[in-house]
Visitor: 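My questions will all concern the structure given below.
What you see below is based on every heavy atom in this structure, not just the backbone, and it leaves out hydrogens, waters and symmetry mates. Atoms within each ligand, like the ligands themselves, are counted from 1 in listed order.
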Amino acid sequence: MIHFVGAGPGAEDLITLRGAEYLKKCDCVIYAGSLVNPGLLKMTKEGCDIYNSAEMTLEEVIAVMKEKESEGKDTVRLHTGDASLYGAIREQMDILDAEGIAYDDTPGVSSFSGAAAALMAEYTLPGVSQSVVITRMAGRTPVPEKENLASFAAHGSTMVIFLSTGLLEDVSRELISGGRDPEDPAAIVYKATWPDEKVVRCTVGTLAEAARENNITKTALILVGGFLGSSYDRSKLYDPEFTTEFREATR
Ligand code: SAH
């Protein structure tokens, strides 16, 4: 059987208990070596075969899975963060379906959660934004035209921009053309939850400069929105005047 497992954003203790259990028991691990913390591989048992998918094609990954399956062995396919975001898991699952190989999927802590924790921030502040747009700039992987960054920027929602650290001049331009002010708050979180994590607060207009000054060229998230500012409304949930299913209003 194949277990797709989200490795978490970096820190070794941010994998789930279930994911760790699969890692400890499996006979083979195929891990996304470009971003998964190799320290997680220490959990594997003696004799576990380890492959780095950063150096492999989809066909090679599937060939390893098929070989292990034919030997009755369990394989963990270890993806960074949560595999549902930019994880390229669907194409693997579709081939496994066609081959009649069983698999399951264990979620992980995505780097967008790791970045919020690094900033000690809440993405969904009442009175500021109740939505989070997770997106990226088009790079070598295209983004559908209707999802261009400027159109999302126009909503004023919290934005988490993946895979775009090399394109920050373009990110700023698109955000501003979508209506964000160059002075609006922004942040760059590099290697969230890793020991060498960096948190850089800047503005929409200074993203590229801030990255340059801090030598950040990859493995970073760009965060944009009023949630990085200082004003917001109190929550209704914990408001004494608000009755919920679990609590009567006290005044
Ligand atoms: N599935 C992953 C994302 C994979 S795409 C997840 O859920 O996090 C790879 C991109 O994710 C990187 O280019 C970077 O933008 C972001 N990323 C991954 N790990 C990160 C981390 N620890 N800190 C900041 N950004 C990270």
Visitor: Can you tell me if Glu248 uses its side chain to pair, donor with acceptor, with the backbone of Thr243 under 3.5 Å?
Guide: no
Visitor: Which atoms from ligand 1 have a heavy atom of Tyr86 less than 4.0 Å away?
Guide: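 Numbered from 1, ligand 1 contributes 5 (S).
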Visitor: Closer than 3.5 angstrom, by distance alone: can the side chain of Ser172 be matched with the main-chain N or O of Glu169 as a donor-acceptor pair?
Guide: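 No, Ser172 side chain to Glu169 backbone: no donor-acceptor pair under 3.5 Å.
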Visitor: Name the one of Thr206, Ile216, Ile161, Ile188 that satisfies side chain to side chain contact (heavy atoms under 4.5 Å, CB included) with Leu168?
Guide: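 Option passing the side chain to side chain contact (heavy atoms under 4.5 Å, CB included) with Leu168: Ile188.
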Visitor: Below 6.0 angstrom between ring centroids: does that apply to Tyr51 and Tyr31?
Guide: no
Visitor: Is the shortest side-chain N to carboxylate O distance from Lys45 to Asp27 below 4.0 Å?
Guide: yes
Visitor: Which protein heavy atom lies closest to atom 21 (C) of ligand 1, and at what distance to 0.1 Å?
Guide: Ala192 N, 3.4 Å
Visitor: Just need the protein heavy atom nearest to atom 13 (O) of ligand 1, so name the residue and atom and give the distance.
Guide: Leu163 CD2, 3.4 Å
Visitor: Heavy-atom pairs closer than 4.0 Å: do any link ligand 1 to the side chain of Trp194, the backbone, both, or neither?
Guide: side chain
Visitor: Crowded around Arg234 CZ? As in, over 12 foreign heavy atoms under 6.0 Å?
Guide: yes
Visitor: Which atoms of ligand 1 are found less than 4.0 Å from any heavy atom of Leu85?
Guide: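 Counting atoms of ligand 1 from 1, those under 4.0 Å from Leu85 are 1 (N), 2 (C), 3 (C), 4 (C).
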Visitor: In ligand 1, which numbered atoms sit nearer than 4.0 Å to a non-hydrogen atom of Leu221?
Guide: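 Under 4.0 Å from Leu221, ligand 1 has these atoms: 15 (O), 16 (C), 24 (C), 25 (N).
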Visitor: Here's a test for you: under side chain to side chain donor-acceptor pair (under 3.5 Å), which of Thr106, Asp105, Asp104 qualifies with His3?
Guide: Asp104
Visitor: Can you find a pair of side-chain heavy atoms, one from Val76 and one from Ile30, that are under 4.5 Å apart?
Guide: no
Visitor: Which residue and non-hydrogen atom of the protein lie closest to atom 2 (C) of ligand 1, and at what distance in Å?
Guide: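 In this structure, atom 2 (C) of ligand 1 has Thr80 O, 3.3 Å as its nearest protein heavy atom.
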Visitor: Check Glu67 with Lys73, please: is the shortest side-chain N to carboxylate O separation under 4.0 Å?
Guide: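 So Lys73 does not pair with Glu67 through a salt bridge.
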Visitor: Are any of the N or O atoms of Ser164 closer than 3.5 Å to those of ligand 1?
Guide: no
Visitor: For atom 15 (O) of ligand 1, what's the nearest protein heavy-atom neighbour? Residue, atom name and distance, please.
Guide: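 Closest protein heavy atom to atom 15 (O) of ligand 1: Ala220 O, 2.7 Å.
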Visitor: May I ask you to identify the nearest protein heavy atom to atom 11 (O) of ligand 1, giving residue, atom name and distance to one decimal place in Å?
Guide: Phe162 CD2, 3.3 Å
Visitor: So which heavy atom in the protein is nearest atom 18 (C) of ligand 1, and how far is it from that ligand atom?
Guide: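 In this structure, atom 18 (C) of ligand 1 has Ser111 OG, 3.6 Å as its nearest protein heavy atom.
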Visitor: What is the nearest protein non-hydrogen atom to atom 22 (N) of ligand 1, stated with its residue, atom name and distance?
Guide: Pro9 O, 2.9 Å
Visitor: So, are Arg136 and Glu147 salt-bridged, with charged N and O less than 4.0 Å apart?
Guide: no
Visitor: Output yes when the distance from some N or O of ligand 1 to some N or O of Phe112 is under 3.5 Å, and no in every other case.
Guide: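 Between Phe112 and ligand 1, no N or O pair is found under 3.5 Å apart.
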Visitor: In the structure I gave you, are the side-chain heavy atoms of Lys191 and Lys198 within less than 4.5 Å of one another anywhere?
Guide: no
Visitor: Number the atoms of ligand 1 from 1 as they appear, then name those within less than 4.0 Å of a heavy atom of Gly81, with their elements.
Guide: 6 (C), 7 (O), 8 (O)
Visitor: Give the atom numbers and elements of ligand 1 that come within less than 4.0 Å of a heavy atom of Leu35.
Guide: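 Ligand 1 atoms under the 4.0 Å threshold to Leu35: 9 (C).
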Visitor: Please verify whether a non-hydrogen atom of His79 lies at under 4.0 Å from ligand 1.
Guide: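 It does not, in that no heavy atom of His79 comes within the 4.0 Å cut-off of ligand 1.
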Visitor: Parallel, tilted or perpendicular: which fits the ring planes of His79 and Phe4, with parallel below 30° and perpendicular above 60°?
Guide: parallel
Visitor: Heavy-atom distances under 4.0 Å are what count here, so tell me which part of Val189 touches ligand 1: side chain, backbone, both or neither.
Guide: backbone
Visitor: For Ala83, which part has a heavy atom under 4.0 Å from ligand 1: side chain, backbone, both, or neither?
Guide: neither
Visitor: Tell me whether Thr193 reaches ligand 1 (any heavy atom closer than 4.0 angstrom to a ligand atom).
Guide: no
